[in-house]
Every structure is written in C-alpha cells, then in structure tokens.
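In the text below, chain A, chain B and the rest are named by the order of the sequence lines, each starting its count at 1.
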Amino acid sequence: MVDSLKQAAIVGIGQTEFSKNSGRSEQQLAAEAILAACQDAGIDPADIDGMTTFGLDNSDEIDVMRSLGCRDINYTTRLPQGGAASVTTIVHAKNAVESGMCDTFVIWRAMNERSQYRFGQPAMSISPDAHSSTFLEWCFPFGAQTPAAWEALSCGPYLDKFGVTSEDLGRIAVLMRKHAATNPDAWFYEKPITLEDHQASRWIIEPWLHLLDCCQESDGGVALVVTRMDKARDLKQKPARIIGAEYSMLFNHEIISDFYEGDLISHDIAERVTEKLIASCDIAPKDTNVAMIYDNFTPQILRQLEGFGYCGIGEAKDYVKDGHMELDGKSPLSPNGGLMGEGYIHGMNNITEGVRQVRGTAANQVKDVETVFLASGVAGAIIGE
Amino acid sequence: MSMRPDPIQRIDTAFFWEACERGEFVAQKCEKCDVLWHPPRPICPTCHSTEKTTQKLSGKGRLLSWVKQVTPGAFGFPEPPVAALIELEEGIRLVSNLEGVETDDIIIGMNVAVDFAETSGGKAVPIFRAAEAS
Ligand SMILES: [Zn+2]
C-alpha cells in the first residue's frame, strides 16, 4: 500500500439533475458536472491536469478543456466495456495521481441517452469495428439487439440452475425503488413499487426481464475530482480515500455479451477482482459498510454479489431476501436507489453516492460508515475515511 | 420474404457467412495446432500463426440459454424470435435462433441441430431446431 500522504482520494463530486430530457447538449452536461465537482472540492478547473471518461462518451477532451478553461493536461485515457468502465475510472485516477503524473484528475460521464438517443434500443448506426461493438455481428441478425437481451442471454444459465424466480429478481427492484423513494435527487423520488407492480410490469425480455428489472434511460452528467491526500488536506471536503481499486479483463470474456468462456454460472472476473483487492488492501468487499453495485439489470446484482464474495454460489437470491441489503442490514445496497431508482448515468452516480456515504452527507445515510465498496463487474474499489 | 437483417461482415469474419450461403456450417481452425475457435479472429491465440483454415461442423449441439426480445421488438422480425446460446459438440459456442419450438416446450440443455435461414438481402445465417439425442 502507498504512503498515506500519497494515497489517492476523491475530493469533489458533481452532478446535474437526472431527467428524461435535459434540454441542453451533452457537452454542457459534462462541463456543468465537472464545474460542480471542482466547486465542491474547492479547486480551480484551470488546474485540472488529467482526465478520463468512457469510450462511449460523446464529449471530446478538447471541448471539455475549452469549456472549463483547463490549461495543460498531462494524461488522458478512455475506457472500454460500456458501463463496466464506471469503477474502472477509479483505477486509472488512482494510478494517475499516486504515480505523480497528475495532481488534479477529473472523471466525467455525460449523456442524453433518453432524449437524444435510446441506449436501451437497437442501434442501427454502430460500426462493427468500433470499440466494444464487434459482438454485435454475432447477435444482431438473430434478434438479440438490446443490452437487456444480451444480459438475459448470458445470465439465463445461472438463473435456470439455481431456480431464481421473477419474484427473487423483483425483490431487488423493490429495494432499489424503496431507497430512491426517499432520495430527493432520484428520478423515482417518492415513487416506491411493490412486488405486485414488478410482476405486472410488461415483458422486456422473456423469460427473465420485466420492465422493472431494468435500469432507467436518463439524461444527465456526473463528475469526480481525484487528488492525493497531501493536497486533499487543504481542500473543502472530507476526502474519500481510495483504499483499493482493481480491474480484471480475462481471456475470451466479453462484457454484457459474455457468452464464450467459463461456465456462465460463476462470475470469474468479479472473483479475480476480489482476489486482487484483498491482496492489495486486505479488505474484502463484504467487510465494507455499503455496497454500490452496478445494477443495469436485476440478475447482474445476484451474479456480482457472488463474484465479489458477499455469499456463496447460488445463495444471492436468499441473501437479498433475508434483508442483508436493506439500509439497516449487513451490506446496504445503493442507498441512493441505484441506476434503477436514482438515474442511469452509466454507473457514475453510484460512485458519487459512495463518496456521500463516506462523508456522511447522503439522503439515506447509513450509520457509522467507514468503508464503501464500488463495483461495476470488471472493476471494484474500496473507498473510506 | 425474410426481413431478417443481413449479417455484418468484416474481413476477418466473411468466410463464416459466405459458408452459410453455401449451406455449410464452419468454424475457424488453426492449421498448426488444430484448435477451433469462435468468434473468428485474425491470429491463433495459442501459437500465433496466421495460417487459418476452416472445419465443417456437425451442426449438433445443445441449448445453453434463450431469450425473446419483446420490447422493443426485434428489428427485422414480424414476431420476436427465440435468440439462443448454443454450445456445439465441438465445444464452441455461438448465438443463434431456436426455431420450430413453442416457448413452453423449450428446455435448457435440449439437443439442437443446425439449419439455415435467409436474410433480407439474400444472405444466410445458421439457425437451430430441436433434435433427437445423438
Ligand atoms: Zn495455433
């Protein structure tokens, strides 16, 4: 582990409102979110010297610099694998500042994926040679054309093997909406659902996913500022130290279309990330106080809970049913309502919530939080005081 | 007439779809180490040879997983087809369709055999139907 003064920390968080029609450009959403994160931290945007976003983000680094008046960037990178990039950004930010390459590193993700285009619907214009999209060639002519279809196809063997019912999945959706209902920033604020609502919602993907098993399509922007603890001490907020952040990409595995390798039962990549986390910081995800786990679709929560070691294989549906992920449970899950309840800014709004939980400023604050686990399938991070 | 989307074809993958047009179901194989793989790739991941050939497959396999993309409806299909993940007896997997089986009768692990379906532009893709145990 690095010297505590050289350790990376998240010192600023920023976001726009989460809506279905932002009424402004993605570039503006990006700039507003980054500016908010800098103001939260007490940092001048001119001092930003490193940045990353997702391969799928439409805002160019040049335009971000031009909007915010950034002078000189030492390091930029863009991350593959769709929303799995969300926690991967933390791995890169940590490396960038702890290596000394950057002092003020910014992460952003901004999208009008409801009003400008539909992330959940078949995209006719993606080049099969583009990043993260060669898999389309093998799915599109067979009518598997949406993220929900790919996800359900890859999770089917797991759900079948352990007899996971639609009610089991529905309990996850009900929990996310319960948390969102008391979070004023959530799109579904004051709109909880029942298991009956879940069961009655229309089919998206037979035989596994109802509408309420799916995250939202949202407009909005989210940003983070990361620096080292030696600098963090002079800033406005209580820093959220990045205690561990690990990533794994395994041979022949894809992300949402992960069909070709392994037994399709265990989450091999999450297991590997967990091993790396324990080796690097001696903390297991299950020993943290809050679980911010990427909830694009309900089955993904079950598979990640097992992959990241919260429970044994096949046990996740009962782990949820037994109440461990309630706000007063052993491992509260996404107190903001997650991507289903709060908004879907490609996972990044789950990271800002993790920071608020460490600061003690969340709408649904968990008691006595020392550490929070952030996860997006291929990456996991542990942040804390 | 089929409205099914034509396969996207790339330099490294066209051989697969061209074989389908001839009614042949093939996988890529390394000339040197005899290993089969799918999806296709330009170079053998084991020995790094670029000398590739193809092997005709038996077309027999079993169903690992299936879904029906109901909302939004599948582009190019009047009714949502059953998209299926198939494991072939040669050990490789691919996404395809299961045709001719009512959804109530689908069983994970059931035996399937290859057939071909025409696409809107007169190309062909492999699909699967229920088969007796081999
Ligand atoms: Zn070889």
Side-chain angles (χ1 to χ4, degrees), chain A residues 118-124 126-130 133-161 163 201-211 213-214 217 251-252 254 257-265 297 299, chain B residues 2 4-14 16-17 20 37-41 45 63-87 92-99 103-104 106-109 117 119-121 123-128:
Chain A
R118 299 291 302 271
F119 228 59
Q121 304 212 353
M124 244 56 78
I126 295 177
S127 158
D129 278 324
S133 60
T134 54
F135 73 96
L136 284 175
E137 174 175 357
W138 308 103
C139 297
F140 206 84
F142 305 104
Q145 301 163 338
T146 62
W150 307 319
E151 179 78 32
L153 196 56
S154 72
C155 288
Y158 169 90
L159 298 169
D160 182 69
K161 181 180 171 89
S201 67
R202 69 177 185 270
W203 278 115
I204 300 300
I205 305 292
E206 288 181 30
W208 302 118
L209 302 178
H210 289 271
L211 175 67
D213 287 300
C214 307
E217 290 171 308
F251 175 75
N252 214 28
E254 296 188 0
S257 51
D258 191 15
F259 307 130
Y260 303 104
E261 196 68 33
D263 61 7
L264 306 175
I265 304 296
F297 302 101
Chain B
S2 171
R4 182 193 289 268
D6 289 334
I8 299 158
Q9 299 195 17
R10 293 176 296 132
I11 287 173
D12 297 324
T13 64
F16 178 88
W17 304 112
C20 290
W37 64 80
H38 185 86
R41 56 208 72 176
L63 180 74
L64 292 186
S65 183
W66 68 276
V67 298
K68 228 183 201 186
Q69 184 186 304
V70 179
T71 316
F75 174 80
F77 296 85
E79 294 291 325
V82 173
L85 180 61
I86 308 290
E87 184 161 86
I92 55 179
R93 298 177 191 160
L94 79 163
V95 176
S96 181
N97 290 124
L98 178 64
E99 294 199 356
T103 52
D104 287 347
I106 300 175
I107 300 164
I108 300 283
T119 65
S120 58
K123 307 283 182 183
V125 298
I127 58 148
F128 287 78

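- Between B:P5 and A:P141, the shortest heavy-atom distance links the atoms O-CB, 3.5 Å.
- In this pair, B:W17 and A:W138 present their aromatic rings parallel. The plane angle is below 30°, not in the 30 to 60° band.
- Within the 3.5 Å criterion, the main-chain N or O of B:F75 finds a donor-acceptor partner in the side chain of A:Q145.
- Across all their heavy atoms, B:Q69 and A:G143 have their closest contact at OE1-O, 3.1 Å.
- For the pair B:L85 and A:L153, the tightest heavy-atom approach, listed with the atom from each and the gap, is N-CD1, 3.9 Å.
- Contact of the A:F251 side chain with the B:P45 side chain is registered, since non-hydrogen atoms from C-beta on lie closer than 4.5 Å.
- Heavy atoms closer than 4.5 Å to chain A are found in the backbone of B:A84, but not in its side chain.
- When each of B:E87, B:K123, B:R4, B:R41 is checked for heavy-atom pairs under 4.5 Å with chain A, B:R4 comes out on top.
- In terms of heavy atoms, B:R93 sits closest to A:G262 at NH2-O, 2.6 Å.
- Side chain of B:T71 to main chain of A:W203: a donor-acceptor pair is present (N/O by atom type, distance under 3.5 Å, no hydrogens or angles).
- Residue A:R118: no heavy atom, backbone or side chain, is found under 4.5 Å from chain B.
- Taking A:N252, A:I205, A:L264 one by one and counting their heavy-atom pairs under 4.5 Å with chain B, the maximum is reached by A:I205.
- Residue with the most contacts toward chain B among A:L211, A:D160, A:L209: A:D160 (heavy-atom pairs, distance under 4.5 Å).
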Worksheet item: Would B:T13 and A:E137 count as a side-chain hydrogen bond (donor to acceptor under 3.5 Å, both in side chains) if you check the C-alpha gap in whole Å, the side-chain angles of each, and the deciding distance to 0.1 Å?
Response: CA-CA 9 Å; B:T13 64; A:E137 174 175 357; 2.6 Å; yes
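- Nearest approach of A:G156 to B:S65, heavy atoms of both residues: CA-OG, 3.6 Å.
- Residues A:I204 and B:V70 form no side-chain contact, since every pair of their non-hydrogen atoms from C-beta on lies 4.5 Å or further apart.
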Worksheet item: Checking side-chain contact (heavy atoms from CB on, under 4.5 Å) for the pair B:V67/A:E206: CA distance, chi angles, key distance, verdict?
Response: CA-CA 6 Å; B:V67 298; A:E206 288 181 30; over 6 Å; no
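- Residues B:T103 and A:P207 have side chains not in contact (no heavy-atom distance under 4.5 Å, counting atoms from C-beta outward).
- Shown here are the side-chain contact (heavy atoms from CB on, under 4.5 Å) partners of B:S96, two or more places apart in sequence or in another chain: A:F142, B:I86, B:I127, B:F128.
- Looking at B:P81, only its side chain comes within 4.5 Å of chain A, counting heavy atoms on both sides.
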